[in-house]
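Structure first, commentary second.
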Amino acid sequence: MASRYNHRTTEPKWRAAWSEARIFEAGEPDDRPKSFVLEMFPYPSGRLHMGHVRNYAMGDVVARYKMLKGFNVLHPMGWDAFGMPAENAAMQRGVHPKGWTYDNIAAMKQQFELLGLSLDWSREFATCDPEYYAQQQRIFIAMMQKGLVYRKTSKVNWDPVDMTVLANEQVVDGKGWRSGAEVETRELEQWFFKITEYADDLLDEVLKLENWPEKVRLMQANWIGKSRGATIRWPIVGDAAATHGEAIEVFTTRPDTLYGASFLAIAPDHAITKALAADNPEIAAFQKECAKLGTSEEAIEKAPKLGIDLGIKVRHPFDPDWEIPVFAANFVLSAYGSGAVFGSPAGDQRDLDFARKYGLPVNPVVLPPDADAETHAIDTEAYTGPGTIYNSDFLNGLSTKDAINAAIEKLEELKLGEGATTYRLRDWGVSRQRYWGCPIPVVKCEKCGTNPVPDDQLPVRLPDDVTFDVPGNPLERHPTWKHTNCPVCGGEALRETDTLDTFADSSWYFARFAAPSDDKPVDADLAAYWLPVDQYIGGVEHAVLHLLYSRFFMRAMRDCDLVPLQSGEPFAALFTQGMVTHETYKSADDKWLSPEEIEQKDNALIEITTGKPVAVGPIEKMSKSKKNTVDPTEIISDFGADVARWFVLSDSPPERDVEWTQSGVEGSWRFAQKVWAVVDELPEGAPAYGVALPDMDDAATEIRKASHRALQAIEDAIESFRFNSAIATVHEWVNALRKAESLEGTPAVLAARVEAAGFLAHALVPFMPHLAEECWARIGGTGLVSAGTWPVVEDSLLKDDTISMPVQVNGKKRAEIQVAADASKDDIEAIALSNEQVTAHTSGKTVRKVIVVPGRIVNIVVG
RNA sequence: GCCCCUGUGGCGGAAUUGGUAGACGCGACGGAUUCAAAAUCCGUUUUCUUCGGGAGUGCCGGUUCGAGUCCGGCCGGGGGCACCA
């Protein structure tokens, strides 16, 4: 009878052994192939959640597997430690962001260590460490000197009561989350990174990243949003030209629809709108109304489309007698193109809605392929597809595509426009009017302008003596911090009080892991060896911004000679994993209940304290507000880290969400016991693992086939990120091994069972590493199996002499035949056609066609 | 609103390239063991059926000898939308 496996004693024992042997510390560069495995580093919220467990369990599968496969593995961990939650904690609870953050890091690290991950903690850092942000300031200054950083005004959400800038998430229904005041947009002078300089390269290269999910590549391409079209200058009619300039420039992808134009719409904050608002209260009021929408694209797109006639007119570029009204409209973005569009209502739904609302003409100019020019009309639905141009003078009869080119040619001839490419991608605004971030290392002097802080004065440190009792930026109101001397003239000057967007911190941390304490941002030789990251793993919610910014940073750092990469691509392979979800529960009086507050009684769920029935709600992402979280630390204490890891990987494909269930975890726990039993029940006197095998009998060969096939399948599944399939294979394999325990213990069978146990120990290392070590020790293996070598499968054991093939008649399965594995198509066809169950369905009919896919299927077409 | 993804038994899911739909796990049911229970072990478990077979991968249609897989349309769920990380 096998003993029980006790995780409480074995797990700490093996973690201590790994730590003592230092097997997870990446060595110096050597002859082995390298593998840099990285999971997105966490924000130190203070508690590990199940989403973390899943993310890091996946990374650990890859890192440990690569180690066994003989790679020199770098698998580091750090902390994305700057950000708003620390300041919120400071405001709500009076704790200092620094203390709060480092306490959280300490608490989370303790929880992390319980998981038994193969992390190289010797390289740990936090982005709020002055040693880290000092290097980030160096990068900022290098980018400044390279011309990749500049200042311009841009819009922010402004809370007029708290007198502070709000993040989009701090704006709830157009109101400040604390003050409840209606949010305004305000313009501030801010710092920008010139990411648009790399727009084409970022687009071209992302499409080539074959080991990235297709959907992420698409999302990035759409985000960059390259579109070809034309810029068109519409001459302003009359006196207005003197005040507002000769013409209004618009960008369009559809110059073919120019003859359908019925209005121009410019942004509420376009220069012309601003100028007119100065002495027109109606326009000023409209501007103010638009400002309430905030800065998010979502809010702008969802808002009802509003406009106001500005009272000025422009001439149509192809017909000087045709005058068109100019509106300001809330759906026009000042940051895209030139902040102005022309409306061609018949060919664009938004323009059509706008035209109907304000009584503007709707002239169809594109005739759909099967439509009749006499009867085709636009009512409430615009026609946006291709077709033939009509009602359009010299463009008549052309296809939409040819008309686009013809229109551009004509515009260039008239010098009223030209072909152009525009990007949706905007430059990256990095200024934040907040304390807990990397200070922007510049000094503003009235005489000398804005200059970088000299290198020997870096880092510009955050002051510790700050308060959060009043809203606003503590750096701005600190009594002394911003006062300094100009690095050029030495006179009195002011520090920049904005800090950097925390996305900057996470845009290069991976490169820092190559040499985390170097006195340059990145050590050239070590970065050349370790970069790029071979496998990056994280949530799909970072598909656009974090990954795009990191790709920009690598290019910028390369062009500033800070990193010796040619490609500029930081992540060779990317995997995006799904979330951990859980059922939600509500009490009789409609309050959320946590899983601990309920119990099962007589086939129904009741609330423990009241005994009243509990309603089961939808399965949702674990969150504190829904009280459907499960604490990893408790699970680890009850079932062990191995079981927690096994479960989060077992039930769903890694890229999809996994639903946490108590019964599922219990199933994983039973399985761990079963594995232990298979190994522990090997009888005394069994041979050692790895010695030459005795002559095999049939039973022993079957065991060996099961082991070698399982190992091969697990290997394939890990390589292709199908961890749930790998786990299913382990289940089948262990079930087969349990059955083999009842076989007579011949020397051959015993040897095969020992081989199986040794294979199993290795195969479990990536998933249940503590149990793997315990099994390895039980069969007398030398050293740590985590530091061992993945076993080699014997090809001869993977193949069978005869295989079974399904036979279909007219696509329906009718029989199963046994054929030699190397049988020819003709032989297979003959066997299939003579099969009794087949002839039952073919007799009396003509065999028209026989399709034989060797090893797969036979399909007989009769009729 | 725009962009992207996703949908298979009671449940999570498997089916790697267009080739036996439902592997593996959970739950449920039946049995063994037990004084009893827990634990463990064995078996059944898509559905209908006249036991021959029929239907079936969100819905409707298409391509193909063959579709969960490819194409078109529709419906439901999720992610992102530039100051949450």
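Note that the structure is predicted; figures quoted are calculated from it, not measured. Below, chain A is the first sequence line, B the second, and so on; all start at residue 1.
- Residue A:Phe503 is classed as a base contact, given a heavy-atom separation below 4.0 Å to a base.
- Within the structure, a side-chain polar atom (N or O) of A:Arg656 is placed less than 4.0 Å from OP1 or OP2 of B:G7.
- The pairing partner recorded for B:G61 is B:C71, the criterion being a Watson-Crick or G-U wobble arrangement whose two distances lie under 3.5 angstrom.
- Taking side-chain N and O atoms only, A:Arg424 has no distance below 4.0 Å to OP1 or OP2 of B:C81.
- Between the OG atom in A:Ser668 and the CZ atom in A:Phe639 there is a gap of 9.0 Å [rounded to 0.5 Å].
- Partner A:Phe671 forms a ring pair (Phe, Tyr, Trp, His ring centres under 6.0 Å) with one of A:Phe647, A:Trp646, A:Tyr5 and no other, that one being A:Trp646.
- Nucleotide B:A14 is matched to nothing when pairs are restricted to Watson-Crick or G-U wobble geometry with both distances under 3.5 angstrom.
- Mapping A:Gln433 and A:Pro653 onto RNA chain B by nearest heavy atom places A:Pro653 closer to the 5' end of the strand.
- Among the heavy atoms of the strands lying under 4.0 Å from A:Val156 is at least one base atom, whether or not backbone atoms are also near.
- B:C83 is unpaired under the Watson-Crick or G-U wobble criterion, no partner having all donor-acceptor distances under 3.5 Å.
- Note on A:Lys739: nothing from the nucleic acid sits closer than 4.0 angstrom, heavy atoms only.
- Residue order along RNA chain B, read from the 5' end via each residue's closest nucleotide, puts A:Glu214 first among A:Glu214 and A:Met805.
- Applying the 4.0 Å criterion to OP1 and OP2 of B:C83, one finds that A:Arg432 has a side-chain N or O inside that range.
- Checking the phosphate oxygens (OP1, OP2) of B:G25, no side-chain nitrogen or oxygen of A:Arg670 falls inside 4.0 Å.
- At B:A15, one or more side-chain N or O atoms of A:Ser725 fall inside 4.0 Å of OP1 or OP2 (strictly under the cut-off).
- A salt bridge links A:Arg424 to A:Glu297: at least one charged side-chain nitrogen sits closer than 4.0 Å to a carboxylate oxygen.
- Using a 4.0 Å cut-off, no side-chain N or O of A:Ser650 falls inside it from OP1 or OP2 of B:G25.
- The glycosidic torsion of B:G9 lies within 90° of 0, placing the base in the syn range.
- When Watson-Crick and G-U wobble pairs are counted only if both distances are under 3.5 Å, B:U44 pairs with B:A28.
- Between A:Phe82 and A:Tyr133, the angle of the ring planes lies from 30° to 60°, which puts this pair in the tilted group.
- Salt-bridge formation is not detected for the pair A:Lys215/A:Glu655: no Lys NZ or Arg NE/NH1/NH2 atom is positioned less than 4.0 Å from an Asp or Glu carboxylate oxygen.
- The shortest distance between the side-chain N/O atoms of A:Arg4 and the OP1/OP2 oxygens of B:U40 is not below 4.0 Å.
- The glycosidic torsion of B:G52 lies within 90° of 0, placing the base in the syn range.
- With respect to A:Asp427 and A:Lys194, no salt bridge is recorded, no charged nitrogen being found less than 4.0 Å from a carboxylate O.
- Note on A:Asn724: every side-chain N or O is 4.0 Å or more away from OP1 and OP2 of B:G25.
- Looking at heavy-atom distances under 4.0 Å, A:Ser720 makes no contact with the nucleic acid at all.
- For B:C84, the OP1/OP2 oxygens have no side-chain nitrogen or oxygen of A:Asn88 closer than 4.0 Å.
- Here A:Asn735 lies in heavy-atom contact (under 4.0 Å) with sugar-phosphate atoms only.
- Look at CD on A:Gln662: it is 11 Å from P on B:G27, rounded to the nearest Å.
- In this structure, A:Asn168 reaches the B:A82 phosphate: one of its side-chain N or O atoms is under 4.0 Å from OP1 or OP2.
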